[in-house]
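The chain is numbered in sequence order, starting from 1. Owing to the predicted nature of the structure, the values given are computational and were not obtained by experimental measurement. Note that ligands are numbered from 1 as they come in the structure, with each ligand's atoms numbered from 1 the same way.
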Amino acid sequence: MKICIVGAGVVGLCTALEIQNQFPNLNITIIADKFNEDTTSDGAAGLFLAFDHFVGPTEHITTKWINHSYKYYDKLIKNEDCGIFRISGYSFSNISHNDCLYKCMKNDSVEYQFLNVDELSQFNIKYKFGVKISTLGIPCRKFLPWCIEKFKKNDGHVIHKKIYNFDALEKEYDAIFNCSGMNAKFLCNDNNIYPIRGQVMQVKSTWIKHFYKFDSNFIIPCGYDDKITLGGTYDFGSFNTEVNEYITSSIIDKCSQFLPDLNNVSVIRNWVGLRPYRTVVRVELEPRNSAMLIHNYGHGGCGVTAAPGTSLHAVNLFRDFHLYRKNYSKL
Ligand SMILES: Cc1cc2nc3c(=O)[nH]c(=O)nc-3n(C[C@H](O)[C@H](O)[C@H](O)COP(=O)(O)OP(=O)(O)OC[C@H]3O[C@@H](n4cnc5c(N)ncnc54)[C@H](O)[C@@H]3O)c2cc1C
Ligand SMILES: *[C@@H]1O[C@H](CO)[C@@H](O)[C@H](O)[C@H]1NC(C)=O
Ligand SMILES: *[C@@H]1O[C@H](CO)[C@@H](O)[C@H](O)[C@H]1NC(C)=O
Ligand SMILES: *[C@@H]1O[C@H](CO)[C@@H](O)[C@H](O)[C@H]1NC(C)=O
Ligand SMILES: *[C@@H]1O[C@H](CO)[C@@H](O)[C@H](O)[C@H]1NC(C)=O
Ligand SMILES: *[C@@H]1O[C@H](CO)[C@@H](O)[C@H](O)[C@H]1NC(C)=O
Ligand SMILES: *[C@@H]1O[C@H](CO)[C@@H](O)[C@H](O)[C@H]1NC(C)=O
Ligand SMILES: *[C@@H]1O[C@H](CO)[C@@H](O)[C@H](O)[C@H]1NC(C)=O
């Protein structure tokens, strides 16, 4: 059996490693036109947090994805090369306690504690509600190359090319995993997927150890080289990947209101990424003529958080269908 994965972002790579984990003897190939620093995954702040807009087919499945992902990353912490680290930080709101929370917290995988009035008064921007969160950071700058190395060590193949349609792949491979992120909109004519444009900047600072989320802004340590990601925007429906200078200055203004020392830091880069938002994240198996196609895309602002969980689900769909086909052909 020959298998290929289209996509080398965090979703494609987690899928590839999960297939190798379950089927060590299959011939597996990753095909992508962008790797490592050229992917959307690379620019993600990499914080393990699931937003309310991250929606799977059912609430139970969504929780299972997130639970599995947390355990998966947590186990990798000991492995320094992949860059994963523990981090705590704060999320604020003026609306309610509940508004400071994320999906992954409501069902326990991530620990949190509400802040009292005294604690809230110590921050430079005043909020009525706030929560302290202990979670994980997954820097894709380190994690993606680590995944590719691991994949290659286990005899995985990597092909660098752009796919324009799926016919040729169907002839060559028995199963194709579609992990094409935002580009699934075009590859699959999928009208349920939209970009949520995110403009961020990376700066250098040695003294910021926690993350902070307030309104649409955030300050998030990357976990290596003293890099900090400052954000950002959530522009629904925008395909514009150009950096906008007005936005850059409003990000720095707002973040330095919160932590004044940010006024005088060196900027490493300005960057725009399109979060591949889908109304419901698509993890589905689609039997085709001779091949099976397994979709795994549409993770919006939570692809890093949820990739191991949706990838386990996608590979389990493949496994069950594969076994079923085997049984069926015996009859
Ligand atoms: C500013 C910003 C901050 C973010 N912060 C976080 C965060 O803190 N936590 C979090 O969990 N998520 C975060 N995200 C979201 C996260 O980046 C995405 O959900 C995630 O990167 C999606 O991964 P992916 O593998 O689906 O897509 P991508 O990383 O875009 O990878 C897609 C892959 O498919 C390949 N591909 C597509 N089409 C073709 C084709 N036709 N032929 C060949 N190859 C193809 C590409 O080459 C690429 O390798 C953030 C996003 C942005 C923009
Ligand atoms: C595995 O697949 C790759 C890519 O299609 C191919 O180059 C290679 O020859 C295959 N290896 C085996 C052992 O079939
Ligand atoms: C998720 O994990 C938490 C804590 O480990 C557990 O209480 C909960 O039942 C899990 N939920 C699912 C759907 O697996
Ligand atoms: C948490 O788990 C409970 C019970 O399993 C479930 O009813 C609820 O929808 C879950 N909430 C979230 C946000 O996942
Ligand atoms: C939140 O509410 C407080 C009290 O009403 C107010 O002083 C503060 O400016 C508000 N904060 C933001 C960020 O809007
Ligand atoms: C992704 O899935 C769609 C079917 O929904 C298919 O038309 C498209 O070619 C697939 N893309 C790839 C690269 O496999
Ligand atoms: C800004 O940073 C530079 C270099 O780190 C330093 O020399 C300068 O004094 C700082 N300026 C202010 C106003 O803090
Ligand atoms: C296939 O058959 C085996 C035993 O013959 C059985 O245990 C298994 O459940 C079957 N799998 C499916 C998916 O039907």
Side-chain angles (χ1 to χ4, degrees), residues 1-15 25-36 38-51 54 66 69 92-95 104 120 123 125-129 135-140 144 155-166 169 172-173 178-188 193 195-201 211 213-215 217-218 220 222 229-235 241 254 257-258 271-278 281-282 296-307 310-311:
M1 250 204 143
K2 281 182 78 176
I3 306 221
C4 83
I5 298 110
V6 177
V10 68
V11 176
L13 297 184
C14 284
T15 302
N25 298 319
L26 294 183
N27 186 354
I28 308 167
T29 305
I30 294 173
I31 302 176
D33 62 340
K34 290 180 180 156
F35 288 86
N36 297 328
D38 297 326
T39 62
T40 307
S41 301
D42 177 75
L47 206 53
F48 189 97
L49 280 182
F51 300 99
F54 182 79
I66 297 168
S69 296
F92 300 94
S93 164
N94 248 1
I95 299 169
C104 50
L120 284 165
F123 295 95
I125 301 183
K126 307 299 176 206
Y127 287 93
K128 291 185 199 152
F129 306 97
T135 186
L136 303 174
I138 302 106
C140 280
L144 301 188
D155 297 325
H157 300 264
V158 175
I159 297 178
H160 198 134
K161 73 171 176 197
K162 188 168 173 107
I163 301 295
Y164 293 93
N165 66 58
F166 171 63
L169 293 184
E172 188 172 352
Y173 297 95
N178 196 349
C179 308
S180 53
M182 190 57 230
N183 218 29
K185 184 171 186 74
F186 309 106
L187 273 172
C188 312
I193 182 163
I196 303 179
R197 176 181 183 280
Q199 181 171 327
V200 293
M201 55 200 293
F211 69 84
K213 299 199 93 176
F214 46 106
D215 301 323
N217 291 96
F218 49 81
I220 304 175
C222 296
T229 305
L230 307 182
T233 63
Y234 296 84
D235 311 318
T241 54
K254 191 75 193 279
Q257 262 177 50
F258 197 87
W271 182 80
V272 173
L274 305 180
R275 301 173 180 90
Y277 168 75
R278 194 172 187 274
V281 180
R282 189 172 192 203
N296 184 8
Y297 65 82
H299 297 63
C302 303
V304 182
T305 302
T310 67
S311 300

Contact partition for C179 relative to ligand 1, non-hydrogen atoms under 4.0 Å: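 The answer is the backbone.
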Under 4.0 Å, heavy-atom basis, I'd like to know which part of D33 is in contact with ligand 1: side chain, backbone, both or neither. both
So for [X], does at least one of its heavy atoms come nearer than 4.0 angstrom to any atom of ligand 1?
X	value
K161	yes
G232	no
M182	no
G46	yes

Short side-chain to backbone donor-acceptor contact, D33 and K161, under 3.5 Å: no
Between S69 and T305 (side chain of the first, backbone of the second, donor and acceptor by atom type, cut-off under 3.5 Å), is there such a pair? yes
Does a side-chain heavy-atom distance below 4.5 Å link [X] with [Y]?
X	Y	value
F166	V6	no
P276	Y297	no
K128	L120	no
T40	M182	no
Y127	D215	yes
N183	K34	no
F214	I125	yes
L274	T241	yes

Residues in salt bridge (Lys or Arg N to Asp or Glu O under 4.0 Å) with K2, at least two apart?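 Here the qualifying residues are E172.
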About how many Å separate [atom2] of [Y] and [atom1] of [X], when rounded to the nearest 0.5 Å?
X	Y	atom1	atom2	result
T310	R282	OG1	CZ	13.5 Å
I220	L230	CD1	CG	9.5 Å
I138	C222	CD1	SG	12.5 Å
W271	M201	CH2	CE	14.5 Å
L144	S41	CG	OG	5.5 Å
T29	I5	OG1	CD1	7.5 Å

Test your reading of the structure: does [X] have an N or O sitting under 3.5 Å from an N or O of ligand 1?
X	result
V11	yes
K162	no
A8	yes
R275	no
A44	no
A45	yes
G303	yes
W271	no
L49	no
L274	no

Nearest non-hydrogen atom to atom 30 (O) of ligand 1 belongs to which of L47, T40, N178? T40
Given C302, P276, G181, which one has a non-hydrogen atom that is nearest to atom 22 (C) of ligand 1?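 Comparing heavy atoms across C302, P276, G181, the nearest one to atom 22 (C) of ligand 1 lies in P276.
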Mark up the atoms of ligand 1 that fall under 4.0 Å of a heavy atom belonging to [X], in ascending order.
X	value
G273	53 (C)
K34	47 (O), 48 (C), 49 (O)
V10	23 (O), 25 (O)
V200	1 (C)
N183	37 (C), 38 (N), 39 (C), 40 (C), 41 (N)
G301	6 (C), 9 (N), 10 (C), 11 (O), 12 (N), 13 (C), 14 (N), 15 (C)
A32	43 (C), 44 (N), 47 (O), 49 (O)

One line per pair, note the atom names and distance for all nitrogen or oxygen contacts under 3.5 Å between ligand 2 and the protein.
{"residue": "ligand 2", "atom": "2 (O)", "partner": "N27", "partner atom": "OD1", "Å": "3.2"}
{"residue": "ligand 2", "atom": "2 (O)", "partner": "N27", "partner atom": "ND2", "Å": "2.6"}
{"residue": "ligand 2", "atom": "5 (O)", "partner": "K2", "partner atom": "NZ", "Å": "3.0"}
{"residue": "ligand 2", "atom": "5 (O)", "partner": "E172", "partner atom": "OE2", "Å": "3.3"}
{"residue": "ligand 2", "atom": "5 (O)", "partner": "Y173", "partner atom": "OH", "Å": "3.4"}
{"residue": "ligand 2", "atom": "11 (N)", "partner": "N27", "partner atom": "ND2", "Å": "2.7"}
{"residue": "ligand 2", "atom": "14 (O)", "partner": "N27", "partner atom": "ND2", "Å": "3.1"}

For the 3.5 Å polar cut-off, considering only N or O atoms, please tell me whether D215 and ligand 5 meet it. no
State whether the shortest distance between N or O atoms of Y127 and N or O atoms of ligand 5 falls below 3.5 angstrom. no
Verdict with supporting geometry, F92 and F123, ring-ring contact (aromatic ring centres under 6.0 Å, His included): CA-CA 10 Å; F92 300 94; F123 295 95; 4.9 Å; yes
Once you measure the plane-to-plane angle for Y234 and F218, does it fall in the parallel (<30°), tilted (30-60°) or perpendicular (>60°) bin?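 If you compare the ring of Y234 with that of F218, the planes turn out perpendicular.
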